[in-house]
A.B. asks: 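Encoded as structure tokens, here's the structure I'll be asking about.
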Amino acid sequence: MGREFLEVFSEWAEDYDTFVEGNDVQYRAVFENYEHILDEIVARSGEHVLEFGIGTGNLTQKLIDHDKQVFAVEPSAQMREQAKEKLPESFIVYDGDMQRYPTPVGVIDTVVSSYVFHHLTDNEKGDVLKQYIQLLPKGGKVVFADTLFISEEAYQLKIEEASNLGYAELVDDLKREYYPLLQQVQTAFEEVGFVEVSFQQMNEYVWIIEGEKD
Ligand SMILES: C[S@@+](CC[C@H](N)C(=O)[O-])C[C@H]1O[C@@H](n2cnc3c(N)ncnc32)[C@H](O)[C@@H]1O
């Protein structure tokens, strides 16, 4: 579990950046405002950041550019290779995932990820939030950008829309992965003790989710 979609990402690593740039019509809406989404995560982050699922390192690079200390974790060896080509030579990308990862050095004040949280089942989402609230100091935050839906109807409508457009891969993806409803995410955050849980919609699919440790 947790790493069940790894093969997809390992195959995708080499041309992943062409997707975030909007070159694939099926995923264009998912990655709309991608740079702005990453900038928003950076703006909401503290100084010591734990990032999960860094992919090719686009958010990591922005965090580094803003002088943040980043402890970067990525389970796919192929993605780590792509990221290493982009990031500073001495920068370490650790092998790990949202559930199992090397212990970060020093205090972490923000846990971030973009386009990753929906790879975890609902139980796994709750488990990792429990881990992160224990790891964070008072005032520490979780800031995720990810796809979610405001209702079951909205989710089914997106599948229908994508299907009518002939976007077979996007439809498979929407059906296969664990896209949550906004209310479920809010409950998962609040159940483990996060407060001030907020949601900001960034495009048709992606929202910024933020919660703070009281
Ligand atoms: C859609 S990409 C997002 C990459 C990058 N964060 C971005 O915004 O462009 C998803 C990334 O999450 C990684 N991933 C998949 N399952 C994961 C897990 N359980 N824990 C951490 N990362 C995971 C994949 O290997 C991939 O690099």
Side-chain angles (χ1 to χ4, degrees), residues 1-24 26-45 49-65 68 70-87 91 93-102 104 110-132 135 142-148 169-170 172-174 176-180 202-203 205-209:
M1 302 312 278
R3 290 190 175 209
E4 70 186 285
F5 304 112
L6 209 57
E7 215 179 299
V8 174
F9 288 106
S10 296
E11 282 166 14
W12 201 10
E14 243 175 82
D15 61 352
Y16 178 75
D17 278 347
T18 65
F19 282 69
V20 306
E21 286 158 10
N23 292 326
D24 183 279
Q26 296 198 39
Y27 286 87
R28 194 168 291 153
V30 176
F31 289 112
E32 199 184 350
N33 304 326
Y34 178 74
E35 295 294 329
H36 177 46
I37 291 168
L38 304 191
D39 288 340
E40 188 61 37
I41 297 176
V42 175
R44 291 167 181 239
S45 294
V49 180
L50 170 57
E51 184 189 352
F52 288 108
I54 75 159
T56 59
N58 297 322
L59 173 59
T60 323
Q61 186 61 58
K62 282 184 188 282
L63 289 162
I64 293 170
D65 289 345
K68 315 280 185 191
V70 188
F71 191 89
V73 176
E74 167 55 52
S76 155
Q78 287 81 353
M79 283 290 192
R80 288 199 300 276
E81 277 311 305
Q82 295 296 319
K84 277 181 191 162
E85 279 179 28
K86 199 178 288 177
L87 298 170
F91 189 83
V93 182
Y94 293 92
D95 180 8
D97 56 57
M98 290 193 93
Q99 292 166 288
R100 287 164 294 270
Y101 47 94
T110 318
V111 179
V112 303
S113 74
S114 49
Y115 296 86
V116 183
F117 199 39
H118 68 273
H119 297 107
L120 304 186
T121 63
D122 290 348
N123 281 342
E124 290 168 340
K125 287 185 183 83
D127 286 346
V128 300
L129 290 173
K130 215 178 279 170
Q131 284 187 36
Y132 305 157
L135 174 134
V142 166
V143 183
F144 292 158
D146 209 358
T147 292
L148 57 79
E169 285 156 34
L170 180 60
D172 284 351
D173 183 340
L174 288 170
R176 184 181 51 220
E177 301 183 6
Y178 306 114
Y179 296 102
M202 304 303 285
N203 66 31
Y205 290 87
V206 175
W207 297 64
I208 301 263
I209 307 155

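One-based numbering, in listed order, for ligands and for the atoms of each. Count residues from 1 along the sequence.
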A.B. asks: Looking only at non-hydrogen atoms, which of F9, Y101, F31, F5 approaches atom 1 (C) of ligand 1 most closely?
C.D. replies: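 Ranked by closest heavy atom to atom 1 (C) of ligand 1, first place is F9.
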A.B. asks: Are any of the N or O atoms of T56 closer than 3.5 Å to those of ligand 1?
C.D. replies: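 Looking only at distances, the answer is no, because the N/O contact criterion of under 3.5 Å is not met.
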A.B. asks: Backbone, side chain, both or neither: what part of M79 comes under 4.0 angstrom of ligand 1, heavy atoms only?
C.D. replies: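 Side chain only.
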A.B. asks: Tell me whether ligand 1 is touched by L59 - counting only heavy atoms on the residue side and a distance under 4.0 Å.
C.D. replies: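 It does not; every heavy atom stays at 4.0 Å or beyond.
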A.B. asks: Within the 4.0 Å heavy-atom shell around V116, which atoms of ligand 1 are there?
C.D. replies: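 Numbered from 1, ligand 1 contributes 12 (O), 21 (C), 22 (N), 23 (C).
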A.B. asks: Is there a polar contact between ligand 1 and Y16, counting only N or O atoms under 3.5 Å apart?
C.D. replies: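 Min N/O separation from ligand 1 is below 3.5 Å for Y16.
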A.B. asks: So, is G53 polar-close to ligand 1, with some N/O to N/O distance under 3.5 Å?
C.D. replies: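 Yes.
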A.B. asks: Does the N or O separation between S114 and ligand 1 drop below 3.5 Å for any pair?
C.D. replies: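 Yes: some nitrogen or oxygen of S114 is under 3.5 Å from one in ligand 1.
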A.B. asks: Taking the ring centre of each residue, are F31 and Y115 less than 6.0 Å apart?
C.D. replies: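 When the ring centroids of F31 and Y115 are compared, they turn out to be within the sub-6.0 Å range.
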A.B. asks: With sequence neighbours left out, write down each residue that passes ring-ring contact (aromatic ring centres under 6.0 Å, His included) with Y101, or none if nothing qualifies.
C.D. replies: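 With sequence neighbours excluded, Y101 shows a ring-ring contact (aromatic ring centres under 6.0 Å, His included) to F52, given in chain and number order.
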A.B. asks: Do T56 and N58 pair up side chain to side chain, a donor and an acceptor below 3.5 Å, judged on atom types alone?
C.D. replies: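 Result is yes, a qualifying pair exists.
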A.B. asks: At less than 4.0 angstrom from any non-hydrogen atom of Y34, what atoms of ligand 1 do you find?
C.D. replies: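 With Y34 as reference, the close atoms of ligand 1 come out as 7 (C), 8 (O), 9 (O).
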A.B. asks: For a quick check under 3.5 Å, do D127 and Q131 share a side-chain donor-acceptor pair by atom type?
C.D. replies: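 Not at all, the side chains of D127 and Q131 share no donor-acceptor pair under 3.5 Å.
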A.B. asks: Under the ring-ring contact (aromatic ring centres under 6.0 Å, His included) rule, collect the residues that match up with F91, sequence neighbours excluded.
C.D. replies: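 So F91 forms no ring-ring contact (aromatic ring centres under 6.0 Å, His included) with any residue.
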A.B. asks: Counting only heavy atoms, which portion of S113 has something under 4.0 Å from ligand 1: side chain, backbone, both, or neither?
C.D. replies: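 For S113, there is no contact with ligand 1 at all, from either part.
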A.B. asks: At a 4.0 Å threshold, what atoms of ligand 1 neighbour a non-hydrogen atom of L120?
C.D. replies: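 It comes down to these atoms of ligand 1: 19 (N).
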A.B. asks: Are any of the N/O atoms on E74, whether in the backbone or the side chain, positioned under 3.5 angstrom from an N/O atom of ligand 1?
C.D. replies: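 Yes, since at least one N or O of E74 sits under 3.5 Å from an N or O of ligand 1.
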A.B. asks: Grab the two heavy atoms, one from A72 and one from T60, that are nearest each other, plus how far apart they are.
C.D. replies: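 Minimum heavy-atom separation between A72 and T60: CB-CG2, 4.3 Å.
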A.B. asks: I'd like to check which ligand 1 atoms, numbered from 1 as shown, lie under 4.0 Å from a non-hydrogen atom of S76.
C.D. replies: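 Every atom of ligand 1 under 4.0 Å from some heavy atom of S76: 25 (O).
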A.B. asks: Should you measure from each heavy atom of G55, which atoms of ligand 1 turn up under 4.0 Å away?
C.D. replies: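 Answer, ordered by atom number: 4 (C), 27 (O).
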A.B. asks: Do the charged groups of E40 and R44 touch, with an N to O distance under 4.0 Å?
C.D. replies: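 Salt bridge flag = yes for R44 with E40.
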A.B. asks: Taking all non-hydrogen atoms of both residues into account, name the closest pair between S45 and L63 and its distance.
C.D. replies: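 For S45 and L63, the tightest heavy-atom pair comes out as OG-CD2, 4.0 Å.
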A.B. asks: Under a 3.5 Å threshold, yes or no: a donor from one side chain and an acceptor from the other, between D15 and N23?
C.D. replies: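 No, N23 and D15 have no side-chain donor paired with an acceptor closer than 3.5 Å.
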